[in-house]
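See structure below.
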There are 2 protein chains.
Amino acid sequence: MTDHEGRGHEWVADCRLRAATDLFTHTWDPVVLAALRAGPRRRRELRAAIGGISDKVLTDTLRRLLAGGLVGRHAHAEAPPRVEYGLTVLGQSLVEGPMVALGRWAVDHGDELLAAQENAARRTTDP
Amino acid sequence: MTDHEGRGHEWVADCRLRAATDLFTHTWDPVVLAALRAGPRRRRELRAAIGGISDKVLTDTLRRLLAGGLVGRHAHAEAPPRVEYGLTVLGQSLVEGPMVALGRWAVDHGDELLAAQENAARRTTDP
DNA sequence: CCGTATCCCTTAAGATACTG
DNA sequence: CAGTATCTTAAGGGATACGG
């Protein structure tokens, strides 16, 4: 199943592609990954930088990303607890590769996307 | 999904990127898009090519992709109903760009990803 | 063949309050 | 500051049966 290029009828059976797309199924995962792009951050910094994410969801998301091997955690042994999260090498490759590509696409086709959505919406409302 | 005061934070405030990543939050969307990469397909062909998707979910997914302007629908006026779904120009640009990039990444880093996941899993089980 | 209509279960994610 | 503990709601996704 190494053959993902070209034919298309085998994409679905390609577990690796499925595994990759599944990395994006959780709303906040890409957001957190993107926020870590600039470098390691403390939990609180992350929360502030992201904005609009609850403590629980941030915890859940970080747990998942840690389990997925995309994010690493470093707890400094200090009196006021200091913990930093950062992208692993793997996480970095994902962010700098496909995610940047997606971001670029979003910028290039954002207007078009919105327009298409409105157009399709009007189509279903208008007889 | 509350909007956070449109200040120019970073990536997170970039609604276009959010809009783009949200295109992947539904499990089957990328799968269907990928299945359409090879060209327009009839509903039944799609279902067969994908495998493991229910009628309802396929319907939901197609509706969403249609509403999103990524997929188009063409109903031929024939005695036995014939309907074909295909990528729009916009959908094609998404598939051929970011999605192919993601697929390539999945192939290149699939082993690494699995290894990292197992590693992280062992870490949380082993003290 | 192309869908729709239900019912059911699981889980993401928000809100809130509390501990080390 | 870093995290946990509940509770709640909304929604994705599966199974099945029926309608155009």
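Here is the naming used below: chain letters follow the sequence lines, and residue numbers restart at 1 for every chain.
- Within the 3.5 Å criterion, the main-chain N or O of A:Thr25 finds no donor-acceptor partner in the side chain of B:Thr25.
- Regarding B:Leu46, its CG atom lies at a distance of 13 Å from the P atom of C:dC1, rounded to whole Å.
- The NE2-C1' distance, from B:His26 to C:dA13, rounds to 13 Å in whole Å.
- Side-chain atoms of B:Arg43 come within 3.5 Å of backbone N or O of B:Asp55 as a donor-acceptor pair.
- Residue B:Ser54 places none of its side-chain N or O atoms closer than 4.0 Å to OP1 or OP2 of D:dG13.
- Taking only side-chain nitrogens and oxygens, B:Arg63 never comes nearer than 4.0 Å to OP1 or OP2 of D:dG12.
- The nearest whole Å value for the distance from the CD1 atom in B:Ile53 to the P atom in C:dG3 is 14 Å.
- A residue-by-residue look at B:Arg44 and B:Lys56 shows that B:Arg44 has its nearest nucleotide of DNA chain C further toward the 5' end.
- Following rounding to the nearest Å, A:Glu45 (CD) and D:dA2 (P) show an atom-to-atom distance of 8 Å.
- Across the protein-nucleic acid pair, B:Asp55 atom CG and D:dC18 atom P stand 15 Å apart, rounded to whole Å.
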Worksheet item: Pairs counted as Watson-Crick or G-U wobble with both distances under 3.5 Å: what dot-bracket string results for DNA chain D, using | for bases tied to another strand?
Response: ||||||||||||||||||.|
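- Applying a 4.0 Å cut-off to non-hydrogen atoms, the residues of residues 78-86 of chain A that approach DNA chain D are A:Pro81, A:Val83, A:Tyr85, listed by residue number.
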